[in-house]
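Quick notes on the structure that follows.
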Amino acid sequence: KPGKKFVDLGLPPAALDIFASVSAAKGDLGLLIHDPPYQHQALSTQLSLVDGRSLVVMTGTGSGKTECFLLPILNHLLREREAGTLGSAGVRALLLYPMNALANDQVKRLRRLLEPIPDITFGRYVGETEHKHSRAELEFRRRYPHEPRVPNELLSREAMQATPPHILLTNYAM
């Protein structure tokens, strides 16, 4: 069922910036600022961003769970940026997936979403992640010939170990 529009939830300004970024990214997350999200997305957004609560979201495949956790993470990172504390390296969010295919899918979404926010870094650290940066660059071009290469994506283990990204995608085996 559709829920309240995000603009009607009483969200903090940093959160509305996220939705404006999402809109600018051609609705990559499937949410536009003036379109109503699903009820569970609106409720989770209100509980986490407005009420500051933690929550568990359990719903079917393809129903928009990613938005329920990714938007609060981005809100937190944007608030850090506003406070001037985002510059320090370190993982702020660990996105743990049961298999590489899901991590690969999500990193593609993050590329499009975070391209206009280059100071938020992210990286995918899985078994196939190359150690050396030069090899990682070559592997990226081979695997994703049509994907944009954004400067805030850390591609190699070497880069992520030297300067951990703000958002780290991985799997349980790692």
Side-chain angles (χ1 to χ4, degrees), residues 3-38 41-42 44-46 48-50 52 57 62 64-97 101-126 129 133 136-137 139-156 159-160 162-170:
K4 285 183 175 180
K5 291 182 179 182
F6 287 115
V7 294
D8 298 330
L9 290 177
L11 297 173
L16 292 176
D17 288 346
I18 292 171
F19 298 112
S21 295
V22 170
S23 295
K26 299 177 181 68
D28 182 55
L29 285 175
L31 301 173
L32 297 174
I33 192 165
H34 297 290
D35 291 342
Y38 290 120
Q41 292 170 323
S44 68
T45 300
Q46 174 137 14
S48 61
L49 296 185
V50 178
V57 177
K65 290 181 293 294
T66 299
E67 291 79 8
C68 296
F69 67 80
L70 191 54
L71 294 171
I73 289 168
L74 294 176
N75 180 61
H76 177 81
L77 291 169
L78 288 172
R79 285 179 183 236
E80 273 199 54
R81 183 175 72 173
E82 288 173 0
T85 59
L86 185 63
S88 61
V91 175
R92 305 317 200 273
L94 176 66
L95 306 183
L96 186 64
Y97 293 98
L102 294 172
N104 293 342
D105 181 56
Q106 293 303 316
V107 80
K108 287 179 187 179
R109 295 173 84 181
L110 284 175
R111 275 183 206 122
R112 288 186 288 280
L113 181 67
L114 294 177
E115 185 176 14
I117 314 170
D119 44 346
I120 296 177
T121 60
F122 64 101
R124 181 183 60 99
Y125 198 106
V126 297
T129 302
H133 182 72
E137 285 282 348
E139 183 63 14
F140 179 86
R141 282 289 129 232
R142 185 190 72 74
R143 291 188 98 162
Y144 310 108
H146 304 294
E147 278 291 309
R149 175 70 178 95
V150 296
N152 48 336
E153 179 180 6
L154 305 180
L155 295 178
S156 68
M160 287 183 261
T163 309
H166 299 116
I167 302 172
L168 180 66
L169 295 91
T170 190

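Computed over heavy atoms, backbone and side chain alike; hydrogens, waters and symmetry mates excluded.
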message = The criterion is ring pair (Phe, Tyr, Trp, His ring centres under 6.0 Å); which residues satisfy it with Tyr144, sequence neighbours excluded?
response = Phe140
task = State which residues pass side-chain hydrogen bond (donor to acceptor under 3.5 Å, both in side chains) with Glu115; sequence neighbours excluded, sorted by chain then number.
result = none
ask   = With sequence neighbours excluded, what pairs up with Tyr125 under the side-chain hydrogen bond (donor to acceptor under 3.5 Å, both in side chains) test?
value = Gln161
key: Set of residues satisfying side-chain contact (heavy atoms from CB on, under 4.5 Å) with respect to Gln46, sequence neighbours excluded   = Leu9, Val50, Asp51
key: Side chains of Leu114 and Val150 in contact at under 4.5 Å (non-hydrogen atoms)   = no
Exercise answer: donor-acceptor pairs, residues 86-95 side-chain atoms, under 3.5 Å, sequence neighbours excluded:
| from | atom 1 | to | atom 2 | distance (Å) |
| --- | --- | --- | --- | --- |
| Ser88 | OG | Thr85 | O | 3.3 |
| Ser88 | OG | Arg92 | NH2 | 3.1 |
| Arg92 | NE | Glu80 | OE1 | 3.1 |
| Arg92 | NE | Glu80 | OE2 | 3.0 |
| Arg92 | NH1 | Ser88 | O | 3.1 |
| Arg92 | NH1 | Gly90 | O | 2.6 |
| Arg92 | NH2 | Glu80 | OE1 | 2.9 |
| Arg92 | NH2 | Thr85 | O | 3.3 |
| Arg92 | NH2 | Ser88 | O | 3.1 |

query = Is there side-chain contact between Arg109 and Gln106, with heavy atoms separated by less than 4.5 Å?
reply = yes
inquiry  = Can you list everything that forms a side-chain contact (heavy atoms from CB on, under 4.5 Å) with Ser156? Sequence neighbours excluded, please.
reply    = His133, Ala136, Glu158, Ala159
request  = Please name the pair of heavy atoms, one in Met160 and one in Pro165, separated by the smallest distance, quoted to 0.1 Å.
outcome  = CG-CD, 3.9 Å
key: Single hit among Leu77, Val107, Leu168 for side-chain contact (heavy atoms from CB on, under 4.5 Å) with Phe122   = Val107
key: For Asp119, all residues meeting salt bridge (Lys or Arg N to Asp or Glu O under 4.0 Å), sequence neighbours excluded   = Arg81
ask   = In terms of heavy-atom contacts, does NZ of Lys65 have more than 12 from other residues, nucleotides or ligands at under 6.0 Å?
value = yes
message = Ignoring hydrogens, what is the shortest heavy-atom contact between Gln41 and Gly64? Give both atom names and the distance.
response = NE2-O, 3.2 Å
key: For the student: nearest non-hydrogen atoms of Asp8 and Lys4, plus distance   = O-CD, 4.4 Å
key: Shortest non-hydrogen contact from Asn152 toward Ile120   = ND2-O, 2.8 Å
inquiry  = So, using side-chain contact (heavy atoms from CB on, under 4.5 Å) as the criterion, who are the partners of Arg143 when residues are at least two apart?
reply    = Arg124, Glu128, Glu139
ask   = Minimum heavy-atom separation for Pro148 to Arg141, with atom names?
value = C-NH2, 4.2 Å
request  = Would you give the length of the straight line joining atom CG of Leu102 to atom CG of Leu169, rounded to the nearest 0.5 angstrom?
outcome  = 10.5 Å
key: Smallest separation among heavy atoms of Leu154 and Pro164, with atom names   = CD1-C, 4.4 Å
query = Charged N to carboxylate O under 4.0 angstrom, Lys108 versus Glu147?
reply = no
key: Audit row: Ile117, Leu74, side chain to side chain contact (heavy atoms under 4.5 Å, CB included) steps and yes/no   = CA-CA 10 Å; Ile117 314 170; Leu74 294 176; 5.8 Å; no
remark   = Taken to the nearest 0.5 Å, the spacing of Phe69 CZ from Ser44 OG works out to 10.5 Å
note = Sequence neighbours excluded, the answer for side-chain hydrogen bond (donor to acceptor under 3.5 Å, both in side chains) partners of Thr121 is His166
query = For Arg149, what residues pass the side-chain hydrogen bond (donor to acceptor under 3.5 Å, both in side chains) criterion, not counting sequence neighbours?
reply = Glu137
